[in-house]
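Notes follow once the structure below has been shown.
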Amino acid sequence: MTSSKATRANAATTLLLLPVLPLLVFYLWYCLAFNRGELALPSLDMMRQFPLPTWRSIAIISGWLVVQVLLQLYIPGKRAEGPPLPDGSRLSYKMNGWVAWWLTWAVLAAGAALKLYSPAELADQFGALLVTATFFAFALSLYLYWHGRHFATAHERITNNPIYDFWLGTALNPRVGDFDLKLFFEARPGLIAWVVLDVALAARQFQLNGYFSLSMILVCVFQFLYVTDYFAHEEAILSTWDIRHENFGWMLCWGNVVWVPFTYTIQAQFLVNQAAALPWWQVTAIIGLNVAGYVIFRGANMQKHRFRKAPDRSVWGKPAAYVRTSGGSLLLMSGWWGLARHMNYLGDLLMALAWCLTCGFVSPLPYFYVVYLTILLVHRERRDHDMCSRRYGKDWDMYCDKVRYRIIPGLY
Ligand code: NDP
C-alpha cells in the first residue's frame with residue numbers, strides 16, 4: 001500500500017473510532033451502573049440513560065482543570081531536561097507532580113472533612129462528568145490541531161490528512177509559553193481524577209451498604225499506589241514513547257482526559273453494587289500478583305531511565321551490556337531488558353490482572369481492563385518495534401537477535 005493510501009485507510013479507521021470509543025465508555029458505564037455489571041444489548045432504556053452535561057459537572061470539570069493548571073504553574077519543582085529533539089535541542093520540564101498529587105489529596109480531604117462536598121457526589125455525577133469531559137477533550141483536540149498547524153516546526157510528523165492529523169496530533173510538544181500541554185494532560189487531570197473517582201465510588205458503596213468491601217479497598221489501594229508511584233518517579237515519563245515520539249492529538253488527549261479516569265475505574269464501578277467475597281488465599285494471591293507486577297514494571301522502567309542518563313551504571317550488579325546504534329543511541333540488553341524487549345509491559349499486565357481478580361468471577365465486565373490493556377500493549381509493542389526498526393536499522397535487528405522475546409520471556 002502506498003503511504004497516501006495507507007494514510008487514507010488510517011483516516012477512515014479513525015473517523016469510525018472517533019464516535020465509537022466515546023460510545024464504548026458510555027456503554028461500559030451503562031452496564032455497570034444500570035445493568036448490575038452484566039453486558040447489555042442496545043435498548044430504549046440505554047438511550048434514555050444517555051447522560052448530558054449538568055451545570056454541576058461543568059463546574060466540577062472546569063474547577064478541576066483550573067486547580068491542576070495552577071498547581072502545575074505555581075508549585076516549585078526541579079527542572080528536568082527532555083529527550084533530544086530532531087534538531088539536537090532539549091526542552092526543559094518542571095517536575096512538581098509529587099507535591100501537586102499530595103496537595104490535591106490534602107485539599108480534597110479538608111473539603112470533605114469540612115463537609116463542603118460529599119465524596120460520593122462525584123459517583124452520582126459520573127455520567128454527566130463523562131460527557132462533559134468528552135466535550136472538553138474534543139474541544140481541546142481542535143485547539144491542538146489548530147495550534148500545531150500554526151506553530152509546528154519543520155520536524156513535526158504530520159500527514160496533511162486533516163482527520164488523521166486531528167487523531168494523531170500536529171505537534172510533538174505543543175506549548176503555551178513554558179506550559180507543556182502534552183506532559184500536563186498525560187499525567188495531571190486524568191491520572192489523578194482516576195483515583196479520585198475510585199474513592200468517590202468507594203464512598204458511594206459505603207453510603208449504600210454501610211461498609212467498604214475488601215475488594216473495593218484492594219482496588220483503591222492498588223490504584224492509589226500505582227499513581228503515587230508514577231508521581232514518585234515522574235521524571236521517568238520523559239523517556240517514554242509518548243513523550244519522545246507521539247504527537248499530542250485526539251488519541252492522547254481523549255485517552256488521558258476521558259478513557260483513563262472513566263474506564264480504568266471499571267473495577268470500582270463494578271464493586272459499588274457487588275461485594276465479591278474473597279477467601280484469604282485469593283487475597284494473598286492477588287496481592288502477590290500485584291507486587292510481582294509492580295517490581296517488574298517499575299524495575300524495567302527505572303533501569304531504562306537510569307541507563308539512558310548514565311550508561312556506565314551497573315545493572316543487577318554487573319556492567320550494563322548494550323548495543324550502540326550508528327546514530328549514537330544505546331539499547332540496553334541487561335537486567336529486565338535482557339529477558340524480553342518490553343518487560344515493563346508484562347509488569348503492567350500482571351498488575352491489571354490483579355485488579356480485575358478483586359472482582360471475582362461473577363461477570364466478565366471488570367476483565368475488560370486487562371483484555372483492553374493486553375490489546376493496547378501488544379499493538380503498542382508492534383508499533384514500537386516497527387519504529388525502532390526504521391530508526392535503528394541493522395542495529396535493531398542485532399538487538400532483537402540477542403533479546404528474542406517481545407513481552408513474555410520464553411513465550412512471546
Ligand atoms: P517504553 O518506555 O518501553 O519506551 C519505548 C522506547 O524505549 C522505544 O521507542 C525506544 O525509544 C526505547 N527503547 C526500546 N528498547 C530499548 C532498550 N533496550 N534500551 C533503551 N531504550 C530502549 O514504552 P512505553 O513508553 O510504551 O511505556 C512506558 C510505560 O508506560 C510501560 O511500563 C507501559 O506499561 C506503561 N504504559 C501504560 C499504559 C496504561 O494505560 N496503563 C499505556 C501505555 C504505556 P528510543 O530509543 O527512541 O529512546
Side-chain angles (χ1 to χ4, degrees), residues 3-4 6-8 10-11 14-15 17-18 21 61-62 64-75 77-97 100 133-191 234-235 237-260 327 329 383-384 387 390-391:
S3 72
S4 63
T7 303
R8 277 203 300 276
N10 287 335
T14 54
L15 197 56
L17 289 176
L18 284 171
L21 288 176
I61 298 245
S62 314
W64 180 249
L65 288 168
V66 168
V67 167
Q68 292 304 322
V69 168
L70 293 176
L71 291 175
Q72 169 73 51
L73 283 175
Y74 295 111
I75 293 181
K78 75 170 187 175
R79 309 288 314 187
E81 281 215 318
L85 298 171
D87 65 2
S89 64
R90 287 172 190 264
L91 291 170
S92 166
Y93 293 89
K94 181 156 77 168
M95 295 284 140
N96 61 2
T134 305
F135 279 124
F136 172 77
F138 271 91
L140 178 61
S141 305
L142 279 173
Y143 168 76
L144 290 169
Y145 179 81
W146 171 86
H147 188 280
R149 299 296 303 191
H150 280 76
F151 300 108
T153 54
H155 56 246
E156 309 289 354
R157 189 167 43 87
I158 57 170
T159 64
N160 284 320
N161 180 303
I163 295 165
Y164 200 40
D165 285 343
F166 174 74
W167 171 274
L168 274 186
T170 45
L172 184 59
N173 302 298
R175 286 189 163 202
V176 179
D178 188 35
F179 190 87
D180 192 278
L181 291 163
K182 183 165 70 170
L183 185 79
F184 176 74
F185 281 101
E186 276 277 305
R188 296 299 170 82
L191 208 58
E234 191 183 16
E235 206 184 312
I237 196 176
L238 298 180
S239 58
T240 60
W241 184 32
D242 282 358
I243 295 295
R244 282 179 67 87
H245 306 296
E246 203 77 90
N247 282 355
F248 189 39
W250 187 90
M251 185 179 72
L252 282 187
C253 175
W254 178 84
N256 287 302
V257 171
V258 179
W259 183 259
V260 168
S329 283
R383 268 184 82 197
D384 192 43
M387 273 173 76
R390 279 198 296 278
R391 205 178 309 137

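All values reported here derive from a predicted model rather than from experimental measurement.
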Taking only residues two or more places apart in sequence or in another chain, which ones pass side-chain contact (heavy atoms from CB on, under 4.5 Å) with Leu70? Val66, Tyr74
Under 3.5 Å, which donor-acceptor pairs do the side chains of residues 250-260 form with other protein atoms, sequence neighbours left out?
from   : atom 1 : to     : atom 2 : distance (Å)
Asn256 : ND2    : Glu186 : OE2    : 3.1
Asn256 : ND2    : Leu252 : O      : 2.7
Trp259 : NE1    : Tyr372 : OH     : 3.0

Using the ring-ring contact (aromatic ring centres under 6.0 Å, His included) criterion, which residues pair with Phe184? Sequence neighbours excluded. Phe179
Can you tell me how far apart CG (Asp242) and CG (Leu183) are? Round to the nearest 0.5 Å. 11.0 Å
Tyr164: what forms a side chain to side chain donor-acceptor pair (under 3.5 Å) with it, not counting sequence neighbours? Asn10
Kindly write out the residues that satisfy side chain to side chain donor-acceptor pair (under 3.5 Å) with Arg175, not counting sequence neighbours, or none if the list is empty. Asp180
Please enumerate all residues that pass side chain to side chain donor-acceptor pair (under 3.5 Å) together with Asn247, with sequence neighbours excluded. none
To the nearest 0.5 angstrom, please state how far the CD1 atom of Ile243 sits from the CZ atom of Phe248. 9.0 Å
Looking at Lys182 and Glu246, does any basic side-chain N land under 4.0 Å from a carboxylate oxygen? no
What pair of heavy atoms forms the shortest contact from Ile163 to Ala11, and how long is it? CG2-O, 3.7 Å
Could you give me the CA-CA distance, side-chain angles and deciding distance for Thr159 and Arg8, then say whether side chain to side chain contact (heavy atoms under 4.5 Å, CB included) is met? CA-CA 10 Å; Thr159 64; Arg8 277 203 300 276; over 6 Å; no
Would you please classify the geometry between the Phe136 ring and the Phe185 ring as parallel, tilted or perpendicular, with 30° and 60° separating the classes? tilted
Residues forming a salt bridge (Lys or Arg N to Asp or Glu O under 4.0 Å) with Glu81, sequence neighbours excluded: Arg90
Can you tell me which residue pairs pass the salt bridge (Lys or Arg N to Asp or Glu O under 4.0 Å) test with a partner in residues 249-258, sequence neighbours excluded? none
Presence of salt bridge, Glu234 and Lys94, under 4.0 angstrom: no
Point-to-point distance, once rounded to the nearest 0.5 Å, from CZ of Phe135 to CG of Leu140: 15.0 Å
Would you say Ser141's side chain and Gly249's backbone share a donor-acceptor pair under 3.5 angstrom? no
Using the salt bridge (Lys or Arg N to Asp or Glu O under 4.0 Å) rule, collect all pairs that involve residues 134-145, keeping only residues at least two apart or in two chains. none
Where Ser239 and Arg244 come nearest, the two heavy atoms and their spacing: O-CD, 3.7 Å
What's the spacing between Leu191 CG and Ile237 CD1 if we round to 0.5 Å? 8.5 Å
What I want to check is whether the side chains of Arg79 and Ser92 have a donor and an acceptor closer together than 3.5 Å. yes
From NE2 (His245) to CE (Met387), nearest 0.5 Å: 5.5 Å
Apply side-chain contact (heavy atoms from CB on, under 4.5 Å) to Ser89 and list each qualifying residue two or more places apart in sequence or on a separate chain. Leu85, Asp87
Is there a side-chain contact between Asn160 and Arg149 in this structure, where contact means two heavy atoms from C-beta onward sitting under 4.5 Å apart? yes
Is any side-chain heavy atom of Pro174 less than 4.5 Å from a side-chain heavy atom of Phe151? no
Measure across Asp165 and Tyr145 and return the closest heavy-atom pair with its distance rounded to 0.1 Å. CB-CE1, 3.7 Å
Determine yes or no for a side-chain-to-main-chain donor-acceptor pair under 3.5 angstrom, with His147 supplying the side chain and Tyr143 the backbone. no
Side chain to side chain donor-acceptor pair (under 3.5 Å) against Trp241, all qualifying residues, sequence neighbours excluded: none
When rounded to the nearest 0.5 Å, the distance separating CG of Asn96 from CG of Leu73 is 9.0 Å
Please enumerate all residues that pass salt bridge (Lys or Arg N to Asp or Glu O under 4.0 Å) together with Asp384, with sequence neighbours excluded. none
